[in-house]
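Below, read A as the first sequence line, B as the second, and so on, with proteins coming before strands; counting in each chain starts at 1.
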Amino acid sequence: MIRGAPRGRRSPRREAPSADGASLFEDGGTTGMDETTQGFRADAPQGAAETDLERSEQMRIREAKLDALRAAGQDPFETVRFPATHHAADIVAGFAGMEGKPVAIAGRLLGKRGMGKASFGDLQDRSGRIQLFVKVDELGEDAYAEWLKLDLGDLVGVEGTAFRTNRGEISVRVARYTLLAKCLRPLPDKFKGLKDMDVRYRQRYLDLIVNPEVQETFQRRSRIVRTIRTYLDERGFLEVDTPMLSAIAGGAAARPFETHHNALDLDLFLRIAPELYLKRLIVGGFERVYELGRMFRNEGISIRHNPEFSMMEVYQAYTDYKGMMELAEGIVSACAQEVLGTTRIVYQGVDVDLTPPFARLTMRDAVLAHTGVDFDALDDAAARRLAAERGLDPLKAATRGEVMNLFFEEYVEAKLVQPTFIHDYPTEISPLTKKKPGRPDLTERFELFIVGREYGNAYSELNDPFDQRERFAAQAKRRAEGDEEAYQVDDDFLTALEYGMPPTGGLGIGIDRLVMLLTDSYSIRDVLLFPTMRPLPAGDAGREDGGEGPAEGREGVEGGNG
RNA sequence: GAGCCAUUAGCUCAGUCGGUAGAGCACUUGACUUUUAAUCAAGGGGUCCGGAGUUCGAGCCUCCGAUGGCUCACCA
């Protein structure tokens, strides 16, 4: 880029005006602009050589405008603050009491309608958009000439008065403005928005600028997460943070990501679930704990799966899985009420009623109702035979319970549209769950299904250390047989159980899926700001950037919310 | 991991039979002091995702590769 303009000649850091009413433009500062902008074509080939050839015509024009501003001592990037008094939506909503009153707002310029010596613009801030009205009479010749050179996407702060145009649109009559940052790249189409999914995910900021419904989705996501925290906090649950790095990835059936600690020369895993740590805290006496955060599972990517995803797990001493049903109903319906104002929602065109209580059905009854097969009346061999007859492919040693689960997933799951707790899961697929009294083949476990998807998973937590050791042993056997997702034995957790864990109910809720449900999002990527993507090949920053690799080398030290 | 589809100007998209690359928005210049996707006039802008092949000639046909979307598998 052609730079080298004298910087900070006027004052090293300009603060935008406001209270004292000092004009930004009292000393002009627009001289030289015309020569520079008109001369950019001549300058480009000589001055900036190759880099300019790579940039689009529109970028070179914008850079030339920036250079001219800098040459005039008006570097927009030196401005440090702009004290806005209002947001766009405040002015529109509260116009009755604001007409003629002074306002200062800041945001991105997303529309320009020039009319000669007057012009209109649209300013977008976090609250929405408002129209700006700019007149040469009020700004002065020089400042107005500068205004006309602003580009769509520039960040500006304006001061003026709230008023209504002849056509009735609530607007701000601009008395002064400050360019707060230059937008050097042209924005996506202002009406058609940004459609290319690749670009939308990789450059989410663009998606947020031009597709307003995307902002709405992520604001709603934030409110859902806050609602869950509030709901649990109000009921005496303590939010905690347990390790993301550990030598054993336990608490779920999934393949973990592997990593390495250099100083300890130790291989570690990224967590797949916080369960075993949270239960240690129940042993420790917290009685009510929860964690809401990111989990990592080394599995495929799909419309419902991302390698890192958010889950909430909550544990409550002295209750069981039925207590967790009430908690799950309460959380899901409270979130719907908070973000949609109702518990009767529509997901992808399907009416769903999230009003508690939700239907409750044992897995055996659900399978019986949908297939006519009563697994209580079968033994292992008969169950396997029946599966084979229907073209299912159970493992050779599959038990009755495993086959029943297979039937459930194959014939029932997709049909559970209205919220339904499916409970009494087979023991062999529930290694952390208490057995049902009198039915050692079943456990006190439920999963919550809505629109054919799983949203929650809960147990009466297994607290018998002998039983837990046997369950781990059974999992270890499977692991030895090649099941990479079978649980690893966690001796330290067993030790904790030997000190005594109170009877406890535990519940996990998939945050991303809940957000999908309540934002009517088709894909999980639409509720993740930055879904996992393959990096673009080196040297082909392509659609993204002509220069330095974007954001690489900055590890995501993300906030603790999920 | 497999199959199908997509990739053309900054964005959204056309592109016929293989014969000099098109539109709208955006951009530049000019006109215009209350517009609403402002309008009017003129103009500039292309690694047709990358590579190889077929052909006199490839955005288009063939092969290889990249990225994404969808479906399936795994999973929550």
Testing B/C11, B/U33, B/A38 for proximity to the side chain of A/Lys190, the answer is B/A38
Just how far, in rounded Å, is P of B/C27 from CZ of A/Arg113? 13 Å
Of B/G69, B/C27, B/G10, the nucleotide closest to the side chain of A/Leu152 is B/C27
With a 6.0 Å cut-off on the ring centroids, do A/Phe163 and A/Phe95 count as close? no
Of the candidate nucleotides B/U12, B/C70, B/G69, which contains the atom at the shortest distance from the side chain of A/Leu194? B/U12
Would you classify A/Gly510 as touching base, sugar-phosphate or nothing, given that sugar-phosphate means primed atoms plus P, OP1 and OP2, and contacts are heavy atoms under 4.0 Å? nothing
Please report, rounded to the nearest Å, how far the C1' atom of B/A38 is from the NZ atom of A/Lys112. 14 Å
When you measure from every atom of RNA chain B, which of residues 164-173 of chain A have a heavy atom less than 4.0 Å away? A/Thr165, A/Asn166, A/Arg167, A/Glu169, A/Arg173
Would you kindly give the CG-to-C1' distance between A/Leu148 and B/A26, to the nearest whole Å? 17 Å
Report the nucleotide, chosen from B/U36, B/A76, B/C11, that has the shortest atom-to-atom distance to any side-chain atom of A/Asp189. B/C11
So, is A/Arg525 near the phosphate of B/C70, with a side-chain N or O under 4.0 Å from OP1 or OP2? yes
Selection from B/U33, B/C11, B/U28 that lies nearest to any side-chain heavy atom of A/Lys65: B/U28
Rounded to whole angstrom units, what separation is found between the CD1 atom of A/Ile130 and the P atom of B/U36? 18 Å
A/Met115 side chain, from C-beta outward: closest of B/G10, B/U67, B/A38: B/A38
For the side chain of A/Ile303, starting at C-beta, report the closest nucleotide among B/U71, B/G68, B/C13. B/U71
Is there aromatic stacking of A/Phe309 on B/A76 here, judged by a ring-centre distance under 5.5 Å and a plane angle under 30°? yes
Grab the CD-C1' distance between A/Glu57 and B/G46 for me, whole Å please. 12 Å
Tell me whether the OP1 or OP2 atom of B/C11 has a side-chain N or O from A/Arg185 closer than 4.0 Å. no
So which one's nearest nucleotide on RNA chain B is more toward 5', A/Pro186 or A/Met197? A/Pro186
For the side chain of A/Ser521 and the backbone of A/Ser523, is there at least one donor-acceptor N/O pair under 3.5 Å apart? no
Atom CZ of A/Arg297 and atom C1' of B/A73: how far apart are they, to the nearest Å? 18 Å
Out of curiosity, A/Leu155 CG to A/Asp125 CG, how far, rounded to the nearest 0.5 Å? 11.0 Å
Would you say the ring centers of A/Tyr321 and A/Tyr459 fall short of 6.0 Å from each other? no
Would you check if the side chain of A/Glu291 reaches a backbone N or O of A/Thr242 as a donor-acceptor pair within less than 3.5 Å? yes
Within the 4.0 Å heavy-atom criterion, would you say A/Met295 contacts the bases, only the backbone, or no part of the nucleic acid? nothing
Can you find a donor-acceptor pair, distance only, under 3.5 Å between A/Asp198 side chain and B/G69 base? no
Look at the aromatic rings of A/Phe296 and A/Phe257 and report parallel, tilted or perpendicular, splitting at 30° and 60°. perpendicular
If B/A66 has a Watson-Crick or G-U wobble mate with both distances under 3.5 Å, name it; if not, just say none. B/U7
Report the distance from atom CD1 of A/Ile524 to atom P of B/C70, rounded to the nearest whole Å. 12 Å
Taking atom P of B/C74 as reference, at what distance in whole Å does atom CD1 of A/Ile301 sit? 17 Å
Any idea which of B/U28, B/C13, B/U33 is nearest the A/Asp151 side chain? B/U28
Do A/Gln58 and B/A26 share a donor-acceptor pair, side chain to base, under 3.5 Å? yes
Look at the side chain of A/Ser302 and decide which nucleotide, out of B/U36, B/U28, B/C74, has an atom nearest to it. B/C74
With no hydrogens and no angle check, do the side chains of A/Glu447 and A/Tyr425 hold a donor and an acceptor under 3.5 Å apart? yes
Counting the atoms with a prime plus P, OP1 and OP2 as sugar-phosphate, which does A/Gln131 contact under 4.0 Å by heavy atoms, base, sugar-phosphate, or nothing? base
